[in-house]
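Okay, structure first, notes after.
Fair warning: this is a prediction, and the values are worked out from it, not measured in the lab.
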Amino acid sequence: MNRALRPDGSLQVETKGPSPVAQFIDVLHQQVGLPLDHEVAMPIMGAIAMLYFVAIVSGLIVLLPSLVSDLFAMRLGKNVKRMWLDAHNLLGIFSLPFHIIMAVTALVFAFHDQFYGAQGLAFGGAERQRPAAVAQGDAPPMLTPVQMVARLRQQAPDFTPLVLDISQRPDGSRFVRVGGLSERHAMRGPTMGYGSIDPVTGDLTGKDYMPGHQDGWSAAVTSFFTLHFGAFGGEPIRWSYFLLGLAGAFIFYTGNLLWIESRRKRERKAGAVEQTRATKVLGALTVGVPTGTIAGIAVTLAAAKPLGASATEGLHSAIFYALLLGFIVVALLRGAARSGHELTYAAATMTFCVPIATLLLRGLHPAQVLGVDATAVILGCLLIVAGRAAKRRARSIPGDSIWAATKVPQTSAASLAT
């Protein structure tokens, strides 16, 4: 809440809340981009996580002999496919533990409610603890925040409280949720653990998510959250998760490239030169989906700065999916070769909208916002470099590839060889 004086001397009060863009991006990643109800999207995400885990393990088993022999090989030269294969294998091996963790923990998140239901049946159907509530007028006055913190420190000396969330239910009862850190124990959230206290006595009541005070089942579930969020090890782990996440996107992209090129060589041996429709569609989607996702997130982040809390999640969703679908349509119409550099340049332009929005507002911004702006500038510059490389590739690659801007006339494999 900001307070200031108007030119006429009267008091002006402006209430500001957090922008819903962060919640939208969080839900977007939880639902793997599916624009469905959360209850419908989560089981689908869980099924994808299971298939992802099976693909990782089976791929490792099948390719392990060749991966070990070429583990540190990075052969740069005229054989572009070999270079991409080396990069794909190198990143895949070293980020393997991270991707297994993501697949398994995502499976737990997808069927979170089912796991809790099974727990209730296994342990007699006991209800989960709820934050203690006190109805107004029926109980002594609440403790002050300072008194609550003091009582909490007596009961949990290894827990550092950071947030007290005092809320009121529709029936008038109040409850207190506390968020904080514990250096010795795993935490439920990405940055904090949670508990609840009695607002009158200050007694610690809700311990399911309280670091160091959980029962065995809750501690086991919390460990999955901790592994998924990287809520351990401090900043080195967080930055490692960030880089490994980027590596995962790169593995997806290079995997599609390698599959398409391998299919092209098989089709050439079979006498076909013209790429099949399925291969062309996959190539277009390989371009349109990543660039459209980058553009959609960048623009909706930029829009959040002037709109703030007045923008709804629905508006951010409309911005994101409009750009994503637009990029996919352009990629399908223009083809992978032409759209490869065109959409990469377009995505770079969209990322520059994030710092431009900050400059236009001409206000003071916290370091976190400036960090996002700096990341957007770096990403935009990298996309420009990638766009130039894609343009050069389209001019130099063999004409029977879907990545070639100039196509060769359809002919037989024998005549192509001559």
Side-chain angles (χ1 to χ4, degrees), residues 1-2 14-42 45 102 106 109 162-163 165 167 179 188-192 194 225 228-231 238-239 241-243 245-246 248-249 288-328 343 346-383:
M1 182 177 292
N2 297 330
E14 181 180 5
T15 302
K16 290 185 177 180
S19 171
V21 68
Q23 178 66 18
F24 165 71
I25 294 176
D26 184 33
V27 173
L28 184 72
H29 118 269
Q30 290 179 25
Q31 300 183 178
V32 290
L34 297 174
L36 304 172
D37 290 338
H38 195 66
E39 292 75 13
V40 177
M42 291 303 286
M45 185 273 287
M102 291 298 107
F109 292 164
L162 299 177
V163 177
D165 183 4
S167 303
R188 171 74 172 225
T191 58
M192 289 190 292
Y194 302 95
F225 283 79
H228 188 86
F229 295 139
R238 294 186 184 279
W239 279 107
Y241 268 46
F242 172 74
L243 296 175
L246 292 180
V289 173
T291 54
T293 300
I294 293 172
I297 291 178
V299 172
T300 199
L301 275 175
K305 296 188 177 185
L307 297 176
S310 62
T312 62
E313 288 187 39
L315 177 59
H316 288 297
S317 178
I319 294 173
F320 172 81
Y321 285 109
L323 282 165
L324 175 61
L325 293 176
F327 271 59
I328 292 175
L343 293 183
T349 303
M350 301 303 177
T351 60
F352 290 133
C353 292
V354 178
I356 289 173
T358 301
L359 292 175
L360 293 177
L361 291 178
R362 297 180 182 180
L364 296 177
H365 301 280
Q368 294 88 339
V369 174
L370 299 179
V372 172
D373 291 338
T375 303
V377 171
I378 294 172
L379 177 59
C381 294
L382 291 176
L383 287 171

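- Counting only heavy atoms from C-beta outward, the side chains of Tyr241 and His228 never approach each other to under 4.5 Å.
- Interatomic distance, NZ of Lys305 versus CD1 of Ile356, reported as 10.5 Å (0.5 Å rounding).
- Shortest non-hydrogen contact noted between Thr293 and Val289 is OG1-O, 2.7 Å.
- Ring pair Phe242/Trp239 is perpendicular by interplanar angle, where above 60° counts as perpendicular and below 30° as parallel.
- The side chain to side chain donor-acceptor pair (under 3.5 Å) test applied to Asp165 returns Ser167, not counting sequence neighbours.
- In plain terms, the two heavy atoms of Cys353 and Ala302 that are nearest each other are O-CB, 3.5 Å.
- Every side-chain contact (heavy atoms from CB on, under 4.5 Å) that Ile25 has, sequence neighbours left out, goes to Val21, Ile297, Leu301.
- Residue pairs meeting the side-chain hydrogen bond (donor to acceptor under 3.5 Å, both in side chains) criterion with at least one partner in residues 315-324, sequence neighbours excluded, are Thr300-His316.
- Phe320 CZ to Leu325 CG: the interatomic distance, rounded to the nearest 0.5 Å, is 9.0 Å.
- Applying the side-chain contact (heavy atoms from CB on, under 4.5 Å) criterion to Pro290, with sequence neighbours excluded, gives Phe252.
- Thr349 OG1 to Leu343 CG: the interatomic distance, rounded to the nearest 0.5 Å, is 11.0 Å.
- Residues meeting the side chain to side chain donor-acceptor pair (under 3.5 Å) test with Glu313, sequence neighbours left out: none.
- In this structure, CG on Leu383 lies 12.0 Å from CD1 on Ile378, to the nearest 0.5 angstrom.
- Shown here for Ala295 and Phe327, the closest heavy-atom pair between the two residues is CB-CZ, 3.6 Å.
- Each side-chain hydrogen bond (donor to acceptor under 3.5 Å, both in side chains) pair with one or both residues in residues 27-36, not counting sequence neighbours, appears once here: Asp26-His29, Asp26-Gln30, Gln31-His38.
- Screening Ile319, Thr351, Ile294, Val354 for a side chain to side chain contact (heavy atoms under 4.5 Å, CB included) involving Val299 leaves a single residue, Ile319.
- Shown here for Gly380 and Ala348, the closest heavy-atom pair between the two residues is O-CB, 3.5 Å.
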